[in-house]
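I have placed the structure first, in the form of structure tokens, so that the comments after it can refer back to it.
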Number of protein chains: 2
Amino acid sequence: MIIRILLESDIPIYRQIRNAVIEGIALGHLKPGEGLPSVRQLSSELGINLHTVNKAYTLLKQDGFITIHRQKGVVVNQRTEMKLSQWQQDQLSQELKPLIAEAFCRGLELEGINRICKNIYIQFKEP
Amino acid sequence: MIIRILLESDIPIYRQIRNAVIEGIALGHLKPGEGLPSVRQLSSELGINLHTVNKAYTLLKQDGFITIHRQKGVVVNQRTEMKLSQWQQDQLSQELKPLIAEAFCRGLELEGINRICKNIYIQFKEP
DNA sequence: TAACTGTTATATATTAACTATAACATATAC
DNA sequence: GTATATGTTATAGTTAATATATAACAGTTA
């Protein structure tokens, strides 16, 4: 899978990589068991430092999205290993709150929010 | 309205203030025409610097949530001045994407996402 | 006049993000 | 064995974002 980053973005590079991998998994571009490029390879491709990629991979590992395997390298986990915990759901709710509050102030109805969420959601595929 | 910040949070203080004001407006705790504390007053209350509050207010002004009035000070705008632009909707969609992608990977269905959004949304009130 | 308001300027401190280079144990291929 | 990969760790340095400190300015209000 091709990972793109924007050096001008206000989102840190390691976070852009993290998001790109998660979105890649959700979109079905990255399937369980599939390998990701090594930290040296990806950092070279993107023209950035090894440690920036490593930071992204470490986050993805902590969050259950990938496993670092001694032989196979960096591998995408099964969906069962990504299961939503109560803490993660609370975290999601906390991150959604300011976004929905802003949309509400701007006059967007619940139906409008649901429509936007759906348009994002339908792009995603089960593995 | 009482604004709370967490100095240990990984979210910058000026952004916490921005979010708190927007959520305050959405919740109906801050009504159109209502005044906000001055930058010196709020910074003093929170034990932080004047410029940090000023940065938050400047953002809120740019985003159409407040107006700086020479006589009245900092005032909450009418909802009509906060209206959602196409650019803002695209921005919202872009910010939602990684959150929904993560939730999808973790097995949360669209109905679950809608439920979480609704639970946040129903707390909000029209002015 | 005195005490406020937001705004601007300048300088500095602190922290987060990113880079550079090197080394280590381990694994794979020749 | 040798060479080349892998992730990981350590150290040092740079750059950018965040937050602070202090001061001043033009208005406004009492």
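So that the names make sense, note that chain A is the first sequence line, chain B the second, and so on, each numbered from 1. The structure presented is a predicted model; accordingly, all values stated were derived computationally and were not measured.
Phosphate proximity of C:dA17 to A:K55: present, with a side-chain N or O under 4.0 Å from OP1 or OP2. At C:dT7, one or more side-chain N or O atoms of B:N54 fall inside 4.0 Å of OP1 or OP2 (strictly under the cut-off). OP1 or OP2 of D:dT18 has not a single side-chain nitrogen or oxygen of B:T52 nearer than 4.0 Å. For the pair B:Y14 and D:dT18, the criterion of a side-chain N or O lying under 4.0 Å from OP1 or OP2 is met. Contact between the side-chain N/O atoms of A:S38 and the OP1/OP2 oxygens of D:dT6 is found at a separation under 4.0 Å.
Looking at A:H51, its side chain comes within 3.5 Å of the base of D:dA10 through a donor and an acceptor atom. Contact of B:R40 with D:dT22 (side chain to base): no donor-acceptor pair of N or O atoms is detected under 3.5 Å.
Residue A:P12 places its side chain closer to C:dC18 than to any other of C:dT19, D:dT8, C:dC18. Side-chain proximity of B:Q41 to C:dT8, C:dT5, D:dT8: nearest is C:dT5. For B:I13, taking side-chain heavy atoms from C-beta onward, the closest of the listed nucleotides D:dA19, C:dA25, C:dA17 is D:dA19. If you check D:dA26, D:dT8, C:dT8 against the side chain of A:V39, the one that comes closest is D:dT8.
If you check the side chains of A:S43 and A:N49, you find no donor sitting under 3.5 Å from an acceptor. If you check the side chains of A:D90 and A:Q86, you find a donor sitting under 3.5 Å from an acceptor.
Atoms CG (B:L7) and P (C:dT14) sit 16 Å apart, rounded to a whole Å. Rounded to whole Å, the distance from CG on B:L42 to P on C:dC4 is 17 Å. Between the CG atom of A:L59 and the P atom of C:dA16 there is a distance of 14 Å, rounded to whole Å. Straight-line distance from the CD1 atom of B:I11 to the P atom of D:dA17: 19 Å, rounded to whole Å. Rounded to whole angstrom, the span from the CD atom of A:Q16 across to the C1' atom of C:dC18 amounts to 13 Å. Here D:dG7 presents its P atom at 8 Å from OH of A:Y57, a figure rounded to the nearest Å. A:L6 has its CG atom 17 Å from the C1' atom of C:dA17, to the nearest Å. Atoms CD (B:Q71) and P (C:dT7) sit 14 Å apart, rounded to a whole Å.
Contact annotation for A:K61: backbone-only contact, meaning every heavy-atom pair under 4.0 Å involves sugar-phosphate atoms and none involves a base.
Between A:R18 and B:E102, at least one side-chain nitrogen of the basic residue sits less than 4.0 Å from a carboxylate oxygen of the acidic one, meeting the salt-bridge criterion.
By the 4.5 Å heavy-atom criterion applied to side chains, B:E126 and B:R79 are counted as neighbours. In this structure, A:V21 and A:F65 have side chains that are not in contact, with every pair of non-hydrogen atoms separated by 4.5 Å or more.
For D:dG13 and C:dA16, the C1' atoms lie 15 Å apart once the distance is rounded to whole Å.
A:F104 and B:Y121 have perpendicular rings, their planes meeting at more than 60° on a 0 to 90° scale where under 30° would count as parallel.
Nearest-nucleotide positions on DNA chain C for B:T58 and A:R15 put B:T58 closer to the 5' end.
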